[in-house]
Structures are given as structure tokens and as C-alpha cells.
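Below: one structure, written as C-alpha cells.
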Amino acid sequence: MRNLDYKTVFISLCILHLVFVCEGRPLRKRTVSEVQLMHNLGEHRQVQERREWLQMRLRGIHTALARGSSGEAGRSRRRLRPEELPDLSDLTPEEIQYALNLLEKLLKSNQS
């Protein structure tokens, strides 16, 4: 019975030693192609994130080209619904001031 206790202790110590020696390291080193693949994957993810961020920022921008250059642009205009309006929390103070100045000009032109 005592011999069995020594075997159990010895096996337990061996397992404990292996756990501390490995320390979660990979069993083999990665090859150069694996490292290159992981690098390319990281770059691809960064490009995707930048592209998604840029598309999100461009959604709120309205260009003059979308209206057209002829007189029919005024007839094809429509009012935006509140859910279609851009988020105002993204505006800079300069953009807010520009919008206020534009509204004042419009009000003055409508009064006269």
C-alpha cells in the first residue's frame, strides 16, 4: 500500500513539473508563412475597420452633385423626415455656426 502512495506522489509531481515547464507556450514554433499570414490578417482587419469608419462618416455628407446642375433640382427636392436627419452631436462648433448663419440669411430673405 505504501508503494502505491509513492507512485501517486511521483506521478503528481511529474505532472506538476510539466505544467510549470510548458507555461502555456505553443508546442512548436510558427513557420515564417504562418507569421506572414497572421500579419496579413491583422492588416486586412485594420483596413476593414478604417473602411467601415469612413463609410459611417460619409453617410451624413450631402454633396451638391446629388442635386443636379439644372433647374429641375428644385422640383425634385423633398422634406427630410426626422429619422433621416443627420446626428447633430457629430457637428463641430464651426459647422453649427455656419448652419446658424445660413438659417439667419434664409429668414431675412423670406421676410423681405
Hey, are the side chains of Gln55 and Leu58 touching, using non-hydrogen atoms and a 4.5 Å cut-off?
no
Report the distance from atom CG of Leu13 to atom CG of Leu18, rounding to the nearest 0.5 Å.
11.0 Å
Rounded distance (nearest 0.5 Å) linking atom NZ of Lys105 with atom CG of Leu107:
13.0 Å
Atom NE2 of His17 and atom CD1 of Ile15: how far apart are they, to the nearest 0.5 Å?
12.5 Å
Is a side-chain donor-acceptor pair under 3.5 Å present for Gln48 with His44?
no
Between the CZ atom in Arg59 and the CG atom in Leu54, the distance rounded to the nearest 0.5 Å is 10.5 Å
About how many Å separate CD of Glu49 and CZ of Arg45, when rounded to the nearest 0.5 Å?
8.5 Å
When rounded to the nearest 0.5 Å, the distance separating CD of Glu52 from CZ of Arg50 is 12.0 Å
